[in-house]
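Order of the sequence lines sets the chain letters (A, B, ...), proteins ahead of strands, with each chain counted from 1. Just so it is clear, the model here is predicted, and its values are computed rather than measured.
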Protein chains: 2
Amino acid sequence: MNVSSKPERTRLSAEDWELAALHLIAEQGVGALAVEALARQLGVTKGSFYWHFRTREALLNAALERWEQYGEREVLGQIEQIADPRKRLPELFRRVAHELQPHRVYAALLKALDHPQVVPVMARVSQRRMEFLTTAYREAGLPAPQALNRARLTYAAYVGFLQLNFTLGLPRINHEEFDAYVEHMIATLIPA
Amino acid sequence: MNVSSKPERTRLSAEDWELAALHLIAEQGVGALAVEALARQLGVTKGSFYWHFRTREALLNAALERWEQYGEREVLGQIEQIADPRKRLPELFRRVAHELQPHRVYAALLKALDHPQVVPVMARVSQRRMEFLTTAYREAGLPAPQALNRARLTYAAYVGFLQLNFTLGLPRINHEEFDAYVEHMIATLIPA
DNA sequence: CGGATACCATACGGATGAGTATGGATCGCC
DNA sequence: GGCGATCCATACTCATCCGTATGGTATCCG
């Protein structure tokens, strides 16, 4: 339960390293994932790390897999439980909009698409979410080709907003404005 | 006119380094901007570089400024010359869609928002473009608050598409599909 | 309580990349 | 054609970071 970087006078497990890695990725990006820096942050040295992992890449892969599986059951799982297809899309928009915290890792990975290890993960995750959006738009009444393009447009808007808002700090927007923006998205992108 | 990396047996200027830097950024990202690598590509050594620039950061800043000013007069300049306000937005969408080449640097800088040097540049450029979009939507008949939100949505979709398509290779899309997507965007985002 | 195993520290080697020092080559120009 | 300014090569230093080697300490268990 201790998310911060307090000394934590217990011994570490591989899971601890993976969680710390994700935490660091979310805040400083994949490029900042250095083993000595992580070790300092955890209050140990490299000697500990190389007992749990064979290499730095191994840690990255493990952290990415952990993140992917978490998103699989938490993010998508909850949303699929919205019964009414016509209420599903607006509900989805509003939930995603107000749970921006779990999207920090996604935004960070978006900036790390030059690292070969993250590409397949992001490809799977994005593909899965776009397929989900496509069927949701079909259930909302759009014919197949339009549903696909609308899903592309929606997901691109989501990704772009993450980039502009998180890492660039644009647009300068406050809570009420943000809510109005979300409602504008709903009105514009979701068929009546 | 010689864009490739042929030996080029002439002496170099600061401009040559800046252009080569932008070229490298567009293809491999800001992180790959190393002076020895650039020197090899230009057929010289570091000794040359440190005569033209005081540091690596100086080169990055110079290249970014050059790119910003180029975009200022080329990208925005041409578009403002579309007289009819009602034809301006669809025209803008179609032009941007079919000139994706100049957007490679923008896509690369989008992934480099953790480097402090690129943030102010991207903030200025994005702000400027969104203001342009906002007034275009107003001229197309939208009231002010809606025009602002529609501009945010449009620009987010643009940024997200760059990220998904360029660096991730998603969605897998061919020419006809892409044209259909652009027309779908126009129909969805631009008021009748 | 004593050893086997799990976990960690310290010290090192090697690679990479930024920046400096300095001398050599080449160009403009009188 | 010679001389000063411009441009570049070579050879270093220094810092960072991955990975290895090896010995030390804690913990579990019979």
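- The interatomic distance linking Leu12(A) (CG) with dA26(D) (P) rounds to 15 Å, in whole Å.
- Distance Leu42(A) CG to dA9(C) P: 11 Å, rounded to the nearest Å.
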Sub-3.5 Å pairs of nitrogen or oxygen atoms, protein against nucleotides 26-28 of chain C:
{"residue": "dC27(C)", "atom": "O4'", "partner": "Arg11(B)", "partner atom": "NH1", "Å": "3.3"}

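- His52(A) has no side-chain polar atom (N or O) that falls below the 4.0 Å cut-off from OP1 or OP2 of dA6(C).
- Taking Tyr50(B) as the reference, nothing meets the ring pair (Phe, Tyr, Trp, His ring centres under 6.0 Å) condition, with sequence neighbours excluded.
- Sorted by first then second residue, the side-chain hydrogen bond (donor to acceptor under 3.5 Å, both in side chains) pairs that include residues 85-95 of chain B, not counting sequence neighbours, are Arg88(B)-Glu139(B), Glu91(B)-Arg95(B), Arg94(B)-Glu183(B).
- Among residues at least two apart or in separate chains, there is no ring-ring contact (aromatic ring centres under 6.0 Å, His included) pair with a member in residues 114-147 of chain A.
- Not a single salt bridge (Lys or Arg N to Asp or Glu O under 4.0 Å) links Glu27(A) to another residue, sequence neighbours left out.
- Between Phe53(A) atom CZ and dC8(C) atom C1' the separation is 15 Å, expressed in whole Å.
- Annotation: ring pair (Phe, Tyr, Trp, His ring centres under 6.0 Å) contacts of Phe49(A) (sequence neighbours excluded): Trp17(A), Phe53(A).
- Ring orientation note: the planes of Tyr158(B) and Tyr106(B) are tilted relative to one another, at an angle of 30° to 60°.
- Judged as a salt bridge (Lys or Arg N to Asp or Glu O under 4.0 Å), and not counting sequence neighbours, the contacts of Arg66(B) are Glu15(B), Glu18(B).
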Output one line per pair: protein atom, nucleotide atom from nucleotides 17-22 of chain C, and distance, for all N/O pairs under 3.5 Å.
{"residue": "dA18(C)", "atom": "OP2", "partner": "Val35(B)", "partner atom": "N", "Å": "3.4"}
{"residue": "dG19(C)", "atom": "OP1", "partner": "Thr55(B)", "partner atom": "OG1", "Å": "2.9"}
{"residue": "dG19(C)", "atom": "OP2", "partner": "Tyr50(B)", "partner atom": "OH", "Å": "3.3"}
{"residue": "dG19(C)", "atom": "OP2", "partner": "Thr55(B)", "partner atom": "OG1", "Å": "3.0"}
{"residue": "dG19(C)", "atom": "OP2", "partner": "Arg56(B)", "partner atom": "N", "Å": "2.9"}
{"residue": "dG19(C)", "atom": "N7", "partner": "Lys46(B)", "partner atom": "NZ", "Å": "2.8"}
{"residue": "dG19(C)", "atom": "O6", "partner": "Lys46(B)", "partner atom": "NZ", "Å": "2.0"}

Identify each donor-acceptor pair in which a side-chain atom of residues 144-153 of chain A lies under 3.5 Å from a protein atom, sequence neighbours left out, and give them as a table.
{"residue": "Asn149(A)", "atom": "OD1", "partner": "Arg152(A)", "partner atom": "NH1", "Å": "3.0"}
{"residue": "Arg150(A)", "atom": "NE", "partner": "His184(B)", "partner atom": "NE2", "Å": "2.9"}
{"residue": "Arg150(A)", "atom": "NH1", "partner": "Leu189(A)", "partner atom": "O", "Å": "2.5"}
{"residue": "Arg150(A)", "atom": "NH2", "partner": "Thr188(B)", "partner atom": "OG1", "Å": "3.4"}

